[in-house]
Amino acid sequence: MTAHYMKSAPPTRTDTEDETDQLEKSWFIRLSGHDPIAGGGESQVFARPGKSSQLIKVHNTQHVEHLAASRSLKNRLRRWRGIGPYKTLLRLNRAYLDAVLKAAELGRPPPIAHQRGVLLTDLGLGVVVQKIRGEDGELAVTVAKLHRRGRVDSDLVTALTRFAGEMSAFHIIGNDLNPHNLVYETRHGRSRIVLVEGYGSRNLIPFRRWSRRVNDKSLSRRFQALAAWLDLTWDEGSWSFSQKDSEPGRSSSA
Ligand SMILES: Nc1ncnc2c1ncn2[C@@H]1O[C@H](COP(=O)(O)OP(=O)(O)OP(=O)(O)O)[C@@H](O)[C@H]1O
Ligand SMILES: [Mg+2]
C-alpha cells in the first residue's frame, strides 16, 4: 500500500526499522523463525517483536482456529459454550476485567500479569501479555526456579505472604497456583510475586466469584499445597507463609 504514496526512494533505513514498520502494517505477527523464550505444557511464549515490554503466548494445540472455522453443529455448540483454549481465553479475560475494576477501586495493580489482547500470528492465535521482569529487565524468574536453586529466603516468603493477601483482596479465583505460574518481579528495588496464568472461574455456577469467603477457602487450600511444594508452612488464621522453623505470621512482619 505504501508504495502508491512514495514518489521517490525513501531515506536509508536500518533493517530493524524496516522490520518494525512491516510488523505494524501487517495484520498478523510473524513468529516462525523466532525462538520461544519460555514455554510450558500448553503454550509457547515469545517476546513480542518490536515491543520489549510484552510477550505473545501461542497455544500448542491449534484447536481454536479449527473450532472457529468448523461448521458442524457439534463444534458450533462447543464454540458457543466455549471449550479448550477458547474457554481458557474467555475465562482469563473475564477474570482480568474483574481484577482491573477492582484495581480501580483499591488504587493499586492486581497481582496478575496484564492482558493486552489477542493477535493472529503465523503460528496461531496469540495472547498478548505484559512481560513481568526481573532486576536485569529480562524475564522474571519463576518461584519454581528459585526453589530449585535453594533461594526460598525470608524476602521471598514475605513476598508470597503479600501475594496471598492480594489474591484475597482482589478476589482472584486462583486455579493453578503452582510455582511455575508464579514469577518474581523486581522493579525499582521493590519485589512482588505475580501470577501469570491459572486463574478465573471454571465453574458453571461461580460460587467463588460470588463470595469472597468461598473464594478465600479455596485459595487457602491452594496456598497450603503451594507451601508443601516449597517446603514452607501456610497458616490460614494469619493468612501467611513462613519457613518451617519459624512461627506463622513472623515472615510478614520481617
Ligand atoms: N507474563 C509473563 N511474564 C513473565 N514470564 C512469563 C509470563 N507468562 C509466562 N511466563 C513464563 O513462561 C512460562 C510458561 O508460561 P505459562 O505458564 O503461561 O504457559 P503454559 O504453557 O500454560 O504452562 P503450563 O501449562 O505448563 O503451566 C512461565 O512458567 C513463565 O516462566
Ligand atoms: Mg504455566
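Just follow the structure's listing: the first ligand is 1, and inside any ligand the first atom is 1.
- Shown in contact with Ser43 at under 4.0 Å from a heavy atom are these atoms of ligand 1, numbered in order with element: 19 (O), 20 (P), 21 (O), 22 (O).
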**Message:** Using side-chain hydrogen bond (donor to acceptor under 3.5 Å, both in side chains), reason through Asp155 and Thr158 one step at a time and then give a plain yes or no.
**Reply:** CA-CA 5 Å; Asp155 284 350; Thr158 303; 5.3 Å; no

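- Look at Glu185 and Arg190 and you find no salt bridge, because none of the NZ, NE, NH1 or NH2 atoms lies under 4.0 Å from a carboxylate O.
- Taking a cut-off of under 4.0 Å to the non-hydrogen atoms of Ala38, the atoms of ligand 1 that pass are 11 (C), 12 (O), 13 (C).
- Every atom of ligand 1 is numbered from 1 in the order shown, and the set under 4.0 Å from a heavy atom of Asn181 is 17 (O), 27 (O).
- Glu197 has its closest N, O or S atom to the Mg ion (ligand 2) at the position named OE2.
- For the residue pair Arg91/Ser201, the side-chain donor-acceptor check at 3.5 Å is not satisfied.
- Around atom 4 (C) of ligand 1, the closest heavy atom drawn from Val129, Ile132, Val194, Ile112 belongs to Ile132.
- When distances to the Mg ion (ligand 2) are checked against a cut-off of 2.8 Å, Ser43 contributes no N, O or S atom below that limit.
- Contact annotation for Ala113 and ligand 1: only side-chain heavy atoms (C-beta onward) come within less than 4.0 Å of the ligand.
- For the pair Asn178 (side chain) and Leu226 (backbone), a donor-acceptor distance under 3.5 Å is absent.
- Any N or O atom pair closer than 3.5 Å counts here, and Asn178 shares no such pair with ligand 1.
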**Message:** Assess the residue pair Asn203 and Ile173 against the criterion (side chain to side chain contact (heavy atoms under 4.5 Å, CB included)); give the C-alpha distance rounded to whole Å, side-chain angles, the decisive distance to 0.1 Å, and a yes or no.
**Reply:** CA-CA 11 Å; Asn203 298 338; Ile173 297 160; over 6 Å; no

For residues 129-138, run the donor-acceptor check on the side chains, cut-off 3.5 Å, and write out each pair with its distance to 0.1 Å, sequence neighbours left out.
from   : atom 1 : to     : atom 2 : distance (Å)
Gln130 : OE1    : His114 : N      : 2.9
Asp136 : OD1    : Glu138 : N      : 3.0

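- Put simply, the side chain of Arg94 does not reach to within 4.5 Å of the side chain of Leu92, judged on heavy atoms.
- Here atom 31 (O) of ligand 1 lies nearest to Thr142 when heavy atoms of Val196, Thr142, Val183 are compared.
- With ligand atoms numbered from 1 in the order given, ligand 1 contributes 4 (C), 5 (N) to contacts under 4.0 Å with heavy atoms of Leu139.
- For atom 8 (N) of ligand 1, the candidate residues are His114, His180, Lys57, Lys131; the nearest heavy-atom contact is made by Lys57.
- Contacts between Leu55 and ligand 1, counted as non-hydrogen atom pairs separated by less than 4.0 Å, involve the side chain only.
- For Asp122, the side chain to side chain contact (heavy atoms under 4.5 Å, CB included) criterion is met by Phe28, Arg30, Leu31, Ser32, not counting sequence neighbours.
- Where the criterion is an N or O separation shorter than 3.5 Å, residue side chain and backbone included, Gln130 meets it with respect to ligand 1.
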**Message:** Assess the residue pair Phe241 and Thr233 against the criterion (side chain to side chain contact (heavy atoms under 4.5 Å, CB included)); give the C-alpha distance rounded to whole Å, side-chain angles, the decisive distance to 0.1 Å, and a yes or no.
**Reply:** CA-CA 6 Å; Phe241 290 94; Thr233 305; over 6 Å; no

